[in-house]
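This report concerns only the one structure given below.
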Amino acid sequence: MIVAEKKPIEEIIAQISEYKNILILGCNECVTVCEAGGKKEVGLLASALRMYFINAGKEVKIDERTLERQCDHEYLDEIRDIVDRYDAIVSLACGVGVQFTAEKYQNTPLLPGVNTCFLGVTEDRGLWTERCQACGQCLLASTGGICPVSRCAKRILNGPCGGSTKGKCEINAELDCAWQLIIDRLKALGRLDEYEKITPIKDWSKDRAGGPRKVVREDVQI
Amino acid sequence: MKLNTPSKLEKILKSGHIAVTSEVGPPRGSDPDAITKKAEMIKNYVDAINITDNQTSVTRLCSLAACIRLKLMGLEPVLQMVTRDRNRIALQSDILGAASFDIYNILCLSGDHQSFGDCGSGQNVHDLDSMQLIQTVRRMRDEGKFLGGDDIGRPPQMFVGAAANPFADPFEIRVPRLAKKIAAGVEFIQTQCIYNLDKFEEWMKLARDRGLHEKVFILAGLTPMKSAGMARYMKNKVPGMDVPDEVVKRLSDIPKEKQAEEGINICIESIERLKGVEGVRGFHIMAIEWEEKVSEIVKRAGLYPRPEV
Ligand code: SF4
Ligand code: SF4
């Protein structure tokens, strides 16, 4: 999933300072799972903002709404009739949702309420960690199912580097060294001999380096 | 003797001499004297001088320009090049720039993470990794081709080196990793600073068991300790560094003003012992901001005078 975290409320207040009618728009997908922008967080943010404006002696109307998804035309259409009531929307969806909502409603300012962080997993209650950088050409078959692009601090494809210490990465003793994990896993699979195959120079044109990407599937187009 | 390049380092190694290299770290500024002074101090005691490439990710004068300074002094530089800061265009371009000044040695590295240095909020590149940089230089040299496939006019002639750290984890893949670098085309290795000689010897034995010592020239890396404090720092704070307790104790057991001398003694004893290890073909003495000690180490370790080739 896409993992996001809440923006500090001060930053959101600064973004909306000039508006009087605001919609806080949540998303029921990834940001709900990572507890940054679902219905619950929409409610919490709306209450905190109302409290802030009351204390500040300002009259600002804050409404709440959470869509099934903000990255789909179908669900975004659900707010078509009410959008005009607001002079700004704070979207708690990931950066994708914020943009897609903005594209759909050209005349309404869209402000991000979360920082979109990475593609990752819920490793534990309250702990989300990165697993993929959408490099566009997945290498996991040769790395024991562990991604060096997103999990090695230097995205070394033929690791580990000389800084790997007791299973941890040179940049932080709390962080697992991806290459230690890869080696442990290859060993568990009885495939450590594969370690000596050199991973060739990667085609990064499928990564963000190649410019904005697109997937076209004619077979499913109508 | 078949030489692949005009490198003096290659010639010394292939002639069967024990090679001695050292390093000069460029300054945090543009004063060329900072390079030439250090180089003057060590030039008669070493065969080649590495120039570090923004080591520990602290921004410094560039390795290539400093190598050119050495070249202008008639010395033999080893261009260190990290994959952290340059993409494949810049790497190939700098290799050609170096080749245009007849720089004949390169050391291919990934580089420390930028968070260690003065630009922690910067991007890192890592378009290639060190293994792939080795392949790149070999392709440019041996096939005369760019990565993109086009021909290079006057291809670079570089003796290709890399680092190896026998002390990083997991230990079990440290020899396979050396084998991998050899398969990628590396011709010489300069190791991480050795303080745990037993472990280094174990690594060398495993390398010999696979015959790797006959496929690559291994230069043992050494850094003299200036003090017990430095030993403790290296032990506890530098990732991938293995400083045994005995080394820390030996330094901390003696008065502060004698510790530097003891650090030099340890370094020389290590060289003496490592000379007897089959497969060790030279020494890389990294006397960090202590270049004036290189002459003493080289002389007392019986590595002086340096051979004429
Ligand atoms: S190799 Fe690429 S696509 Fe596969 S998990 Fe890693 S970043 Fe994602
Ligand atoms: S220690 Fe491991 S994860 Fe960290 S940069 Fe080195 S190889 Fe990558």
Side-chain angles (χ1 to χ4, degrees), chain A residues 133 135 137 139 142-144 146-188 191-210, chain B residues 56-57 82-84 87-88 91 109-116 120 124-136 139 147-148 162-185 190-193 210 221 236-242:
Chain A
Q133 283 183 4
C135 75
Q137 203 173 41
L139 295 166
S142 62
T143 56
I146 289 148
C147 169
V149 176
S150 56
R151 301 185 69 185
C152 165
K154 303 181 202 163
R155 64 177 190 187
I156 292 175
L157 301 186
N158 294 283
C161 75
S164 180
T165 307
K166 297 191 181 80
K168 300 298 175 185
C169 175
E170 69 170 30
I171 69 165
N172 182 340
E174 308 284 300
L175 195 68
D176 288 332
C177 166
W179 275 96
Q180 175 79 55
L181 299 175
I182 292 170
I183 287 152
D184 291 347
R185 176 103 167 133
L186 288 176
K187 208 154 67 173
R191 297 170 79 164
L192 200 53
D193 49 325
E194 285 188 19
Y195 171 76
E196 287 194 34
K197 286 191 199 142
I198 299 174
T199 304
I201 292 175
K202 190 168 165 64
D203 175 1
W204 291 112
S205 72
K206 309 269 194 276
D207 178 71
R208 61 142 282 282
Chain B
T56 62
S57 305
V82 301
T83 59
R84 179 191 59 225
N87 71 359
R88 63 190 78 178
L91 290 167
L109 305 165
S110 52
D112 295 317
H113 191 264
Q114 70 276 12
S115 57
F116 290 101
N124 56 16
V125 180
H126 299 297
D127 181 10
L128 310 184
D129 64 19
S130 59
M131 203 78 70
Q132 297 164 342
L133 180 59
I134 295 167
Q135 291 179 314
T136 302
R139 179 181 160 95
L147 286 177
N165 184 2
F167 310 107
D169 291 315
F171 181 68
E172 66 196 300
I173 60 87
R174 290 293 148 185
V175 169
R177 186 162 164 75
L178 175 67
K180 212 168 162 177
K181 286 195 175 174
I182 294 169
Q190 292 171 322
T191 75
Q192 172 68 288
C193 325
R210 291 185 57 171
N236 300 322
K237 292 276 179 326
V238 182
M241 192 71 77
D242 182 347

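Keep in mind the model is a prediction, meaning the values are calculated, not measured.
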What is the distance from atom [atom1] of [X] to atom [atom2] of [Y], rounded to the nearest 0.5 Å?
X: Asn124(B); Y: Arg155(A); atom1: CG; atom2: CZ; value: 7.0 Å
X: Phe167(B); Y: Thr165(A); atom1: CZ; atom2: OG1; value: 12.5 Å
X: Lys202(A); Y: Arg88(B); atom1: NZ; atom2: CZ; value: 10.5 Å
X: Ile183(A); Y: Ile173(B); atom1: CD1; atom2: CD1; value: 4.0 Å
X: Ser110(B); Y: Ile156(A); atom1: OG; atom2: CD1; value: 4.0 Å

Taking [options] one by one, which has the highest count of heavy-atom pairs under 4.5 Å against chain A?
options: Met131(B), Met241(B), Arg177(B); value: Arg177(B)
options: Gln114(B), Glu172(B), Lys181(B), Gln192(B); value: Glu172(B)
options: Asp129(B), Val238(B), Asn165(B); value: Asp129(B)
options: Ala164(B), Gly111(B), Pro176(B), Pro166(B); value: Pro176(B)
options: Pro170(B), Ser115(B), Ala183(B), Ala184(B); value: Pro170(B)
options: Leu128(B), Asp127(B), Thr83(B); value: Asp127(B)

Open item on the list: Let's test your reading of the structure: which of Pro160(A), Ala153(A), Cys169(A), Gly159(A) forms the most heavy-atom pairs below 4.5 Å with chain B?
Closed with: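 Most heavy-atom pairs under 4.5 Å with chain B: Pro160(A).
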Task: Residue, of Pro200(A), Gly167(A), Cys177(A), that accumulates the most heavy atom pairs under 4.5 Å with chain B - done: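 Heavy-atom pairs under 4.5 Å are most numerous for Pro200(A).
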- [ ] Examine distances only and state if a side-chain atom of Glu170(A) and a backbone atom of His113(B) form a donor-acceptor pair shorter than 3.5 Å.
- [x] yes
Open item on the list: Checking the side chain of Ser164(A) only, and the main-chain atoms of Asp169(B) only, is there a donor and an acceptor separated by less than 3.5 Å?
Closed with: yes
Side chain / backbone / both / neither for [X] at chain A, heavy atoms under 4.5 Å:
X: Phe171(B); value: neither
X: Asn87(B); value: neither
X: Leu109(B); value: neither
X: Ser130(B); value: neither

Open item on the list: Does atom CZ (Arg210(B)) have a neighbourhood of more than 12 heavy atoms from anything else shown, all under 6.0 Å?
Closed with: yes
Open item on the list: Is it the case that atom CZ in Arg185(A) sees more than 12 heavy atoms from other parts of the structure closer than 6.0 Å?
Closed with: no
Task: Contact origin within Lys197(A) toward chain B - heavy atom pairs under 4.5 Å - done: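 For Lys197(A), the backbone is the part near chain B, not the side chain.
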Open item on the list: Quick check: do Thr136(B) and Ile201(A) have side-chain heavy atoms less than 4.5 Å from each other?
Closed with: yes
TODO: Given side chain to side chain donor-acceptor pair (under 3.5 Å), test Asn158(A) with Lys180(B) step by step and report yes or no.
DONE: CA-CA 9 Å; Asn158(A) 294 283; Lys180(B) 212 168 162 177; 3.2 Å; yes
